[in-house]
Amino acid sequence: MNTSWHLYSWRERQAAQQPAWHDLEQHATVIDELKQQPPLVFAGEVRQLKDHLAQVARGNAFLLQAGDCAEEFRQSHAKIIKEKLKIILQMAIVLTYGGLKPVVKVGRIAGQYAKPRSKSTEIIDGQELMTFRGDCVNSLEPTVQGRLPDSNRLLRAYHQSASTLNLLRAFTHGGFADLSRVHSWNLDFVKNGPLVHKYEAVAEAIYQTLEFMRACGLDSSKFPQLHQVDLYTSHEGLLLDYESALTRVDSLTQDWYNCSAHMLWIGDRTRQIDGAHLEYFRGVRNPIGLKVGPTCDADELTRLIEILNPQNEPGRLVLITRFGAGKINDHLPALVQRVKDMGSEVVWSCDPMHGNTFLSSSGYKTRHFDQIIQEIRQFFAVHRSEGTVAGGIHLELTGDHVTECMGGTEEIKDEELPYRYSTACDPRLNAKQSLEIAFQVSEVLRDHRNGA
Ligand code: PEP
Ligand code: CO
């Protein structure tokens, strides 16, 4: 690989999944405007996340990365953002309680607007239309005009990311995330049922512990860990014009950082060894996620790691595996063994969503809770037998009461999917299903801690 990286060296490579922008002059103007915008995140925060991820790689912390498949402009109300935050906080509490180690929280949020697609067109009502590529590219509206890639949407995505992040910063550092409010993170519609009682029991135990500490004279206001949380942002780094426009040199270290999110990941469709995405990402210092699906073998993974993390810096690379419950056992062990042999310090994270998608008999794109949990359990089991660290989970979820994935405690059935199916792209776990995953994973972490 050519070592002379510069901000636009990726342009000398093939960039997969870039939209055919409708008006190139307008596109250039938009990109120039983005280059003038303030960074959304700061290099110091990015380095902090990298340090936390280094702890995950060593088994001293657990990674929870979660949020929408595709954020939508029309869904950026304060209430919806708050509900997403609440479910992530609830899950993190349950995982911390079970695993007794810090949970590093990374949202698929404040910038997750671009989608790679397997097909460039689709037929809707007999008409061939360009596929939806995320709100920062075109509209979900099934019309020829709506589906035209429009660069102005990139500016809107930037501004929506900024306002989402602003609200998240206020919630996470302004009192709402105070541990003493652990009861209040319960979502309105998750108010009864066995899951809620389980959550209430954890919340009550935490509350009592805080009261006990207060009685002992420990003032919780002196410990920022108890009254604020760090929620880092992430999205798929798909649109390289946008990502480059928000890439800046850090004044402290003189290194390049992508300042559109703390962490970015490379999708399973854009990880070509000689492709533009690899070239761009090898030059920025952020933690990078790499989606690893069934088409990636051990030799290819070796090359990818050598390119993305040549210094073997812990916390730099998160391998997000997404095979499917039926395939993980055939693929993961060889990859884990290779990475172990390389002595490479990576975070292994399990995305149990993208390998488990199917069409329901009523024609809805869905996933079954049982397969999702099965892939997670297999992921833990493989790492257990290889003696490596199962570092985290990567989920598509929402705080809403949607019916997009089947199964779970409410046993959502095929015929119930249409009730509240509102995703712009892939099916998401609803809040109850997400909380249930958190409880099951926390039990696995607890068993692991106890050597079971
Ligand atoms: C995604 O995370 O939404 C996605 C498209 O994943 P993958 O690249 O693993 O298919
Ligand atoms: Co998805």
Side-chain angles (χ1 to χ4, degrees), residues 1-2 5-22 24 27-28 30-31 34 69-71 108 111-122 128-138 147-151 153-154 157 234-247 258 260-261 263-284 286 288-297 299-309 317-323 331 351 353-355 357 394 396 424-426:
M1 165 93 33
N2 175 6
W5 185 92
H6 62 87
L7 186 51
Y8 292 101
S9 52
W10 61 265
R11 291 209 168 132
E12 291 146 32
R13 311 289 172 99
Q14 185 77 28
Q17 299 279 343
Q18 306 303 291
W21 296 107
H22 183 49
L24 290 180
H27 185 66
V30 163
I31 295 298
L34 283 169
C69 178
E71 284 180 276
R108 288 176 61 116
Q112 176 50 21
Y113 291 110
K115 298 309 300 171
R117 301 313 299 258
S118 305
K119 298 203 174 79
S120 55
T121 62
E122 63 184 335
E128 185 171 19
L129 297 171
M130 288 191 204
T131 40
F132 173 61
R133 289 185 174 271
D135 262 2
C136 66
V137 176
N138 55 4
R147 292 291 172 91
L148 279 183
D150 172 3
S151 305
R153 288 175 163 270
L154 292 173
S234 71
H235 61 256
E236 176 169 351
L238 185 71
L239 304 182
L240 294 176
D241 283 343
Y242 179 86
E243 300 303 342
S244 313
L246 287 162
T247 304
N258 180 312
S260 74
M263 173 179 169
L264 294 110
W265 75 86
I266 305 172
D268 200 42
R269 294 166 187 77
T270 49
R271 56 169 169 71
Q272 297 79 9
I273 302 263
D274 54 356
H277 290 82
L278 260 282
E279 175 59 18
Y280 166 77
F281 279 109
R282 79 185 175 98
V284 296
N286 306 57
I288 301 300
L290 179 70
K291 289 291 198 91
V292 179
T295 57
C296 185
D297 65 18
D299 290 343
E300 193 175 350
L301 187 60
T302 304
R303 286 293 296 129
L304 289 163
I305 293 172
E306 285 166 355
I307 294 165
L308 289 170
N309 195 15
L317 193 57
V318 181
L319 299 179
I320 307 168
T321 61
R322 32 87 80 223
F323 300 112
H331 294 267
D351 166 358
M353 314 299 292
H354 289 88
T357 316
H394 180 117
E396 289 185 338
C425 196
D426 289 338

Problem set entry | His235 vs Leu264 side-chain heavy atoms within contact, under 4.5 Å | yes
For this session: Indicate yes or no: at least one non-hydrogen side-chain atom of Glu300 is less than 4.5 angstrom from one of Ile273.
Result: yes
Problem set entry | Spacing of Leu246 atom CG and Asn258 atom CG [to the nearest 0.5 Å] | 7.0 Å
For this session: Of all the heavy-atom pairs spanning Leu238 and Pro116, show the shortest one and how long it is.
Result: CD2-N, 3.6 Å
For this session: Would you confirm whether Arg147, through its side chain, and Met130, through its main-chain N or O, come within 3.5 Å as a donor-acceptor pair?
Result: yes
Exercise. Can you name the side chain to side chain donor-acceptor pair (under 3.5 Å) partners of Gln14, sequence neighbours left out?
Worked result: none
Problem set entry | Side-chain (Arg133) to main-chain (Pro149) donor-acceptor, under 3.5 angstrom | no
Exercise. Side-chain contact, heavy-atom cut-off 4.5 Å: Tyr242 with Cys136?
Worked result: no
Problem set entry | Check ion pair Arg269-Glu236 (N to O, under 4.0 angstrom) | no
Exercise. Do the side chains of Arg322 and Pro294 get nearer than 4.5 Å, heavy atoms only?
Worked result: yes
For this session: Carefully, step by step, assess His27 and Leu154 under the rule side-chain contact (heavy atoms from CB on, under 4.5 Å).
Result: CA-CA 9 Å; His27 185 66; Leu154 292 173; 3.8 Å; yes
Exercise. Can you check whether Ile288's main-chain N or O pairs, donor with acceptor, with Asn286's side chain at less than 3.5 Å?
Worked result: no
Problem set entry | Where Trp21 and Ser151 come nearest, the two heavy atoms and their spacing | CE3-OG, 3.4 Å
For this session: For residues His22 and Asp150, determine if any side-chain heavy atom of one lies less than 4.5 Å from a side-chain heavy atom of the other.
Result: no
Problem set entry | Sub-4.5 Å side-chain heavy-atom contact between Arg108 and Trp265 | yes
Exercise. Residues two or more places apart in sequence or in another chain: which of them pass side chain to side chain donor-acceptor pair (under 3.5 Å) with Gln112?
Worked result: none
Exercise. Hey, what do you get for NE2 (His394) to CG (Leu319), rounding to the nearest 0.5 Å?
Worked result: 13.0 Å
Problem set entry | Sidechain N-carboxylate O distance under 4.0 Å for Asp241, Arg11 | yes
Problem set entry | Arg117 side chain to Phe132 backbone, donor-acceptor under 3.5 Å | yes
Exercise. Atom CD in Glu71, atom SG in Cys425: separation rounded to 0.5 Å?
Worked result: 12.5 Å
Exercise. Salt bridge or not for Glu306 and Arg303, using N-O below 4.0 Å?
Worked result: yes
Exercise. Once you round to the nearest 0.5 Å, how far does CZ of Arg271 lie from CD1 of Ile266?
Worked result: 10.0 Å
Problem set entry | Residues that Asp426 engages under side-chain contact (heavy atoms from CB on, under 4.5 Å), provided they are two or more places apart | Cys69, His354, Lys365, Arg367, Glu396
Exercise. Who pairs with Ala245 by side-chain contact (heavy atoms from CB on, under 4.5 Å), at least two apart in sequence or on another chain?
Worked result: Ile31, Leu34, Lys35
Exercise. Partners of Gln18 by side-chain contact (heavy atoms from CB on, under 4.5 Å), sequence neighbours excluded?
Worked result: Ala15, Leu239, Leu240, His277
Exercise. Is a donor on one side and an acceptor on the other found under 3.5 Å between the side chain of Trp5 and the backbone of Tyr280?
Worked result: yes
Exercise. Looking only at atom types and distance, does a side-chain atom of Thr131 sit under 3.5 Å from a main-chain N or O of Lys119, one as donor and one as acceptor?
Worked result: yes
Exercise. Tyr113 versus Val137: any side-chain heavy-atom pair under 4.5 Å?
Worked result: no
Exercise. What residues form a side-chain contact (heavy atoms from CB on, under 4.5 Å) with His6, not counting sequence neighbours?
Worked result: Tyr8, Ser9, Glu12
For this session: Report yes or no: does Glu279 contribute a side-chain atom to a donor-acceptor pair with the main-chain N or O of Asp274 at less than 3.5 Å?
Result: no
For this session: Answer yes or no: is there a side-chain heavy-atom contact under 4.5 Å between Leu304 and Leu278?
Result: yes
